[in-house]
Enquirer: 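My questions will all concern the structure given below.
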Amino acid sequence: YDTADIYTFQFAPEQERLTDGPAWGRFHLDFMDRLRALPGVTTVGVVNNIPLDEGTGTGRFLTDSMAPESGGALLDQNFAGGDYFQVLGIDVLRGRQFTPDEAFTPNSSVIISQSVATRLWPERDPLGQRIRRTGDTPQWFTVVGVVEDVKQDDWREAGEAVLYFPLTGPTPTAWAMGSPAYVVKSPRAASLGREVRELVRQVAPEAPVYREFTMEFLARRSMVQLSFTMLTLGVVSALAMILGAVGLYGVLAYVVAERTREIGVRMALGATAGAVRRMVVSQGARVVLAGIVVGVAAALASTRLLDALLYEVNALDPAVFVAMSIMMLGIGLLASYVPARRASSVDAIESLRD
């Protein structure tokens with residue numbers, strides 16, 4: 001779904017006339033008309049649980065082909081109205097959205113997500129199919145539309161199987177949403193708060209406005225913990241790489257110092273400076289290659305732990321493993337070159353004299 005140019009908020013009016021579903025539905029429709037009249041506002045919708053801010057409720061539901069004793073399918077449920085799907089850019093794949101009349105007239109329509117259609121009617125047209133809650137509720141709901149799956153809680157999760165009900169249920173007292181979230185599409189999303197609060201004071205002066213966000217803020221907030229985790233892993237990885245390079249340099253520098261006489265003898269017997277450098281660098285390369293083999297094996301073993309941190313990225317990405325191995329080999333060779341150059345500059349006469 002879209003996150004750009006979307007402002008969301010909630011308020012919970014407490015008025016004597018709002019006693020049943022139709023009254024609540026009419027109230028929300030009228031208030032959405034007021035919101036559409038604000039300068040720059042293009043579309044407005046309402047939903048009981050806004051993605052990235054609230055989780056949906058769940059329930060068990062039966063289709064015509066399910067036996068009551070089966071227990072039904074466990075599905076998420078939400079309530080939507082106005083242009084909710086249009087505001088968030090959630091495509092209607094089949095059928096239609098809710099009509100304005102369905103927001104204040106008792107009805108038994110339901111819109112389902114693609115996962116519900118695939119799960120309950122894999123080889124049938126879901127439009128026109130019936131579904132009802134388990135238990136003593138005999139009311140059936142008819143599928144009028146199929147929409148895209150929505151990642152409700154986290155972008156790293158699979159799209160949820162959701163049933164969307166209209167603002168008014170099959171009877172006047174079936175349900176009444178006390179505090180749904182409004183979603184407003186406007187290029188002025190970040191500055192609509194003052195005007196919206198003024199509208200709320202006009203229709204429900206007793207109700208404060210709360211949970212005011214832009215969808216862009218909710219998207220950033222949902223990634224904070226993951227971003228911090230990845231930043232921490234990045235810092236630790238960089239420190240490990242630096243310490244590894246410094247450690248390799250220190251070990252090879254010590255080895256060169258201990259082998260100064262041997263290197264002097266080799267050069268006195270005709271070894272060239274290039275041959276000495278290659279000898280020291282190859283020794284460092286063997287250490288690095290052994291470390292790469294161990295590191296790749298450990299990385300392969302830990303990919304299951306990384307899956308929970310990744311979003312649309314395969315933990316077993318060959319390109320990443322190859323690139324990191326090449327980079328580590330390059331760093332190791334660079335760390336080996338400085339001691340190798342020092343070894344090639346040994347004066348054979350002086351080392352033999354010492």
Side-chain angles (χ1 to χ4, degrees), residues 1-15 18 21 23-56 78-92 96-104 111 113 145 147-153 155 162 164-168 176-223:
Y1 42 81
D2 296 335
T3 60
D5 298 332
I6 298 175
Y7 169 73
T8 178
F9 67 95
Q10 297 184 31
F11 72 104
E14 298 179 4
Q15 301 176 9
L18 302 177
W24 275 99
R26 174 59 69 184
F27 176 88
H28 290 305
L29 284 183
D30 291 344
F31 189 70
M32 281 189 281
D33 287 338
R34 290 174 175 262
L35 290 172
R36 291 188 188 96
L38 292 176
V41 173
T42 56
T43 48
V44 179
V46 65
V47 66
N48 199 54
N49 305 109
I50 190 74
L52 302 180
D53 188 38
E54 299 176 299
T56 55
N78 211 339
F79 299 85
D83 298 319
Y84 168 70
F85 298 111
Q86 183 179 349
V87 173
L88 265 68
I90 301 171
D91 291 339
V92 178
R96 62 174 176 83
Q97 303 184 57
F98 294 127
T99 64
D101 288 346
E102 288 173 312
F104 62 89
I111 293 174
S113 68
V147 298
E148 288 181 308
D149 289 341
V150 169
K151 298 177 184 292
Q152 184 73 25
D153 301 319
W155 281 348
V162 183
Y164 295 94
F165 295 98
L167 302 185
T168 302
M177 293 193 301
S179 179
Y182 284 85
V183 287
V184 183
K185 184 76 170 181
S186 171
R188 299 173 52 238
S191 60
L192 280 176
R194 183 182 59 81
E195 298 166 74
V196 167
R197 287 190 290 273
E198 179 59 33
L199 286 182
V200 172
R201 278 194 291 268
Q202 295 174 14
V203 300
E206 78 287 353
V209 178
Y210 61 99
R211 299 182 84 95
E212 291 184 82
F213 306 111
T214 64
M215 286 300 296
E216 289 180 323
F217 169 81
L218 292 178
R220 291 195 302 271
R221 189 183 69 177
S222 71
M223 301 294 286

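Keep in mind that the numbers below use all heavy atoms, side chains included, and drop hydrogens, waters and symmetry copies.
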Enquirer: Do the side chains of Pro180 and Phe79 get nearer than 4.5 Å, heavy atoms only?
Expert: no
Enquirer: Please check: side-chain N/O of Gln10 versus main-chain N/O of Arg211, any donor-acceptor pairing under 3.5 Å?
Expert: no
Enquirer: Just wondering, do Met215 and Arg220 contact through their side chains at under 4.5 Å, heavy atoms?
Expert: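 Result no, sub-4.5 Å side-chain heavy-atom pair not found.
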Enquirer: Do Ile90 and Asp2 have side-chain heavy atoms sitting under 4.5 Å apart?
Expert: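 They are not in side-chain contact.
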Enquirer: Calculate, to the nearest 0.5 Å, the distance between atoms NZ and OG belonging to Lys151 and Ser222 respectively.
Expert: 11.5 Å
Enquirer: Take Glu206 and Gln15, measure what side chain to side chain contact (heavy atoms under 4.5 Å, CB included) needs, and give me the verdict at the end.
Expert: CA-CA 9 Å; Glu206 78 287 353; Gln15 301 176 9; 3.4 Å; yes
Enquirer: Working note: Val87 + Ile6, criterion side chain to side chain contact (heavy atoms under 4.5 Å, CB included); need CA distance, chi angles, decisive distance, verdict.
Expert: CA-CA 8 Å; Val87 173; Ile6 298 175; 4.1 Å; yes
Enquirer: Report the distance from atom CG of Leu29 to atom CG of Asp101, rounding to the nearest 0.5 Å.
Expert: 9.0 Å
Enquirer: Can you tell me how far apart OG1 (Thr42) and CZ (Arg36) are? Round to the nearest 0.5 Å.
Expert: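 The OG1 atom of Thr42 sits 10.0 Å away from the CZ atom of Arg36.
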Enquirer: Show the nearest heavy-atom pair for residues Leu192 and Ser186, with the distance to one decimal.
Expert: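 The answer is CD1-CB, 3.9 Å.
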Enquirer: Does any N or O in the side chain of Thr8 come within less than 3.5 Å of the main-chain N or O of Tyr182, such that one atom is a donor and the other an acceptor?
Expert: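 Yes, the answer is positive, given that a donor and an acceptor are paired below the 3.5 Å cut-off.
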Enquirer: Do the charged groups of Lys185 and Asp5 touch, with an N to O distance under 4.0 Å?
Expert: no
Enquirer: Say whether, by atom type as modelled, one donor and one acceptor occur between the side chain of Tyr7 and the main chain of Ser191 under 3.5 angstrom.
Expert: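 Judged by distance alone, no pair lies under 3.5 Å.
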Enquirer: To check you understand the geometry: which heavy-atom pair defines the closest contact between Gly55 and Asp153, and what is its length?
Expert: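 Heavy atoms only, the tightest pair is CA-OD1, 3.5 Å.
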Enquirer: Applying side chain to side chain contact (heavy atoms under 4.5 Å, CB included) to Gln152 and Asn49, what does each step give before you reach the verdict?
Expert: CA-CA 9 Å; Gln152 184 73 25; Asn49 305 109; 3.9 Å; yes
Enquirer: So, taking the atom named CG in Leu218 and the one named CE in Met223, what distance separates them when rounded to the nearest 0.5 Å?
Expert: 13.5 Å
Enquirer: Give the ring-plane orientation class for Phe213 versus Phe217, where under 30° counts as parallel, over 60° as perpendicular and anything between as tilted.
Expert: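 Parallel, since the angle between the ring planes stays under 30°.
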Enquirer: Which heavy atom of Gly40 sits nearest to which heavy atom of Pro187, and what is that distance?
Expert: O-CD, 3.3 Å
Enquirer: Indicate yes or no for a side-chain donor-acceptor contact from Ser113 to the backbone of Val162 under 3.5 Å, with no hydrogens or angles considered.
Expert: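 Answer holds: yes.
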Enquirer: Quick one: CD1 on Ile111 to CZ on Phe165, what's the gap to the nearest 0.5 Å?
Expert: 11.0 Å
Enquirer: Tell me whether the centres of the aromatic rings in Tyr164 and Phe85 are closer together than 6.0 Å.
Expert: yes
Enquirer: Less than 3.5 Å apart, any donor N or O on the side chain of Glu216 or Thr3 sitting next to an acceptor on the other?
Expert: no
Enquirer: Are any side-chain N or O atoms of Thr56 and backbone N or O atoms of Asn78, one a donor and one an acceptor, separated by less than 3.5 Å?
Expert: no
Enquirer: Could you tell me whether Arg34 and Glu195 have a side-chain N and a carboxylate O separated by less than 4.0 Å?
Expert: no
Enquirer: Nearest 0.5 Å, what's the CG-CZ distance between Leu167 and Arg26?
Expert: 11.5 Å
Enquirer: Taking all heavy atoms of Trp24 and all of Leu18, pick out the closest pair and write down the distance.
Expert: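 Scanning both residues, the minimum pair turns out to be NE1-O, 3.4 Å.
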Enquirer: Taking C-beta and beyond as the side chain, do Tyr84 and Val46 meet within less than 4.5 Å on heavy atoms?
Expert: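 Tyr84 does not reach Val46 side chain to side chain.
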Enquirer: Of all the heavy-atom pairs spanning Thr168 and Phe104, show the shortest one and how long it is.
Expert: OG1-CA, 3.4 Å
Enquirer: Would you say the side chain of Leu199 lies within less than 4.5 Å of the side chain of Val196, judging by non-hydrogen atoms?
Expert: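 A side-chain contact is absent here, since even the closest heavy-atom pair is not under 4.5 Å.
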Enquirer: How about Val44 and Phe31: do any of their side-chain heavy atoms sit closer than 4.5 Å?
Expert: no
Enquirer: Decide if atom CD of Gln202 counts as having more than 12 heavy atoms of other residues, nucleotides or ligands within a radius under 6.0 Å.
Expert: yes
Enquirer: Taking all non-hydrogen atoms of both residues, which atom of Phe11 and which atom of Pro13 are closest, and how far apart?
Expert: O-CD, 3.5 Å
Enquirer: Pair Gln97, Val147 - check side chain to side chain contact (heavy atoms under 4.5 Å, CB included), show working.
Expert: CA-CA 9 Å; Gln97 303 184 57; Val147 298; over 6 Å; no
Enquirer: Within the distance-only criterion (no hydrogens, no angle test), does the side chain of Arg188 pair as donor or acceptor with the backbone N or O of Val41 below 3.5 angstrom?
Expert: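 No: the side chain of Arg188 does not pair with the backbone of Val41.
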